[in-house]
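These notes concern the structure reproduced below.
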Number of protein chains: 2
Amino acid sequence: MEASARAERSDGRRTRAAILRKAADLASVEGLSGLTIGRLATELGMSKSGVFAHFGSMEELQLAAIELAAGIYATEIVRPALREPPGAARLARLIDAFISYSERHVFPGGCFFGTTIVEFDSRPGRLRDRLARAQRDWIEVISGFLIEGRRIGDVEESADVGQLAFEISSVLTTADWLYNLHGDAEALARGRRAAMRTLSGALASPARASGLAAGPD
Amino acid sequence: MEASARAERSDGRRTRAAILRKAADLASVEGLSGLTIGRLATELGMSKSGVFAHFGSMEELQLAAIELAAGIYATEIVRPALREPPGAARLARLIDAFISYSERHVFPGGCFFGTTIVEFDSRPGRLRDRLARAQRDWIEVISGFLIEGRRIGDVEESADVGQLAFEISSVLTTADWLYNLHGDAEALARGRRAAMRTLSGALASPARASGLAAGPD
DNA sequence: CCTACCGATCGGTAGG
DNA sequence: CCTACCGATCGGTAGG
């Protein structure tokens with residue numbers, strides 16, 4: 001009885017996870033508005049009501065897909081950077097991890113947040129609010145790493161952290177959707193080069209001389 | 001008879017133009033996929049089939065809306081720049097015209113192409129093909145102005161025109177959707193500053209010293 | 001997790 | 001440019 005109940009809950013969690021992964025993948029291509037319960041059900045070999053029952057409404061499903069995507073983003077991009085020492089090395093790794101995440105098509109339609117944030121930037125509601133928070137979180141990650149770098153002397157005292165985080169995130173996000181639009185890896189190379197040069201311009205002389213953030217450019 | 005036929009055609013053109021303007025406005029908020037014939041009809045006080053008859057299919061309507069938006073983009077952003085002399089002044093005006101276009105909400109949901117290009121970057125078909133061309137055209141405008149500037153000595157001989165055009169377009173586009181997402185004009189200020197600094201870094205010393213591209217930053 | 005169903009809306013057509 | 005209509009699909013519900 002206990003074991004069977006646990007197994008049921010475990011199956012339920014697996015099914016729920018499978019639905020959300022499929023939803024996040026689809027949303028990266030067609031947007032969160034492009035999701036339909038019927039299509040998810042067909043692709044997963046389930047009934048519509050079977051999919052629906054896990055979430056109670058389409059919007060709850062969409063919000064849960066955003067949560068899943070945020071976790072994947074943290075794992076694929078932020079975590080690799082955290083394995084590097086603070087400062088220039090960590091920032092360079094963050095940039096490379098984003099480019100790699102885009103290039104490997106972790107989501108089939110490119111960066112989940114690139115697609116969905118632009119989709120909802122002018123559509124008030126819970127989805128926009130959640131996506132706006134995700135965007136602020138990402139800027140906070142970059143800004144936090146820059147502040148950390150400044151504390152240890154890698155980044156110039158006078159660096160405008162907010163402006164730098166804006167510029168680095170801009171060129172990375174744009175590189176991702178340009179890569180998907182034209183199917184041309186040159187966009188990723190341009191994005192990486194721009195982000196690395198922006199970072200490089202903010203480094204104090206010793207860190208810059210060490211070449212940690214310069215890469216093969 | 002002649003006059004009446006002309007009047008009819010003229011009314012038809014006006015109706016068609018009204019449909020497309022409404023479609024482009026709606027698409028800037030909800031995307032080209034968010035357009036429905038029923039909603040357009042309701043908002044315009046027409047019947048569904050009345051809207052439909054002008055285009056023959058939803059995709060033709062969407063393609064026509066892209067054409068209209070491309071014209072507005074040319075009028076609002078490229079044309080003001082063409083009124084300036086070639087070189088640093090023209091490039092600075094292009095940047096300011098984009099920021100102004102974003103700030104004035106020429107389209108209610110922000111830059112039409114920012115929304116729709118990201119929407120279709122991974123969805124093969126005629127819409128993506130047309131939007132990809134619009135994106136290349138925009139890069140060509142920026143690149144062309146940079147090459148022109150190089151010819152007259154405003155822009156450094158060694159400038160990497162493709163890379164510069166990528167960087168300038170990246171920060172402008174991102175500024176636009178960030179402005180809409182957070183409702184905060186700081187994003188526009190950051191985008192303008194980043195674009196102007198990128199431009200400034202590519203100017204030959206005499207043009208840079210003249211301060212044409214620096215603005216109030 | 002399923003079948004069977006609801007009213008609403010979708011793009012598109014017929015006929016005028 | 002309209003009314004009237006088509007089959008398909010939408011999110012969601014009832015009942016199990």
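Numbers restart at 1 for each chain; the letters A, B, ... are given by sequence-line order, proteins then strands. All values below were derived from every heavy atom in this structure, side-chain atoms included, with hydrogens, water molecules and symmetry-related copies excluded.
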Discussion item. I'd like to know whether Glu167(A) forms a salt bridge (Lys or Arg N to Asp or Glu O under 4.0 Å) with Arg190(B), so could you lay out the CA-CA distance, the side-chain angles of the two residues, the decisive distance to 0.1 Å, and finally the verdict.
Written reply: CA-CA 8 Å; Glu167(A) 293 182 15; Arg190(B) 289 208 191 287; over 6 Å; no
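- Between Phe112(A) and Phe107(A), the two ring planes are tilted [angle within 30° to 60°].
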Worksheet item: Reading nucleotides 10-16 of chain D from the 5' end, what letters show protein touch, with B for base, S for backbone sugar-phosphate only, - for no heavy atom under 4.0 Å?
Response: BBBB---
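- His54(A) and Glu60(A) form no side-chain donor-acceptor contact under 3.5 Å, judged by distance and modelled atom types alone.
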Practice prompt. Would you please test Arg136(A) and Glu140(A) for salt bridge (Lys or Arg N to Asp or Glu O under 4.0 Å) and show each step?
Written response: CA-CA 6 Å; Arg136(A) 284 191 298 264; Glu140(A) 291 277 304; over 6 Å; no
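- Figure legend: Arg90(A) and Phe145(A) shown as a cation-pi pair, the cationic atom lying under 6.0 angstrom from the six-membered ring centre and within 45 degrees of its axis.
- Salt-bridge check for Arg128(A) with Asp121(A): failed, with every basic side-chain N at 4.0 Å or more from each acidic carboxylate O.
- Using a 4.0 Å cut-off between charged side-chain N and carboxylate O, Asp129(A) and Arg133(A) make no salt bridge.
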Worksheet, complete the sentence: Output field dot_bracket for DNA chain D (Watson-Crick or G-U, both distances under 3.5 Å, | for other-strand pairs) contains ||||||||||||||||
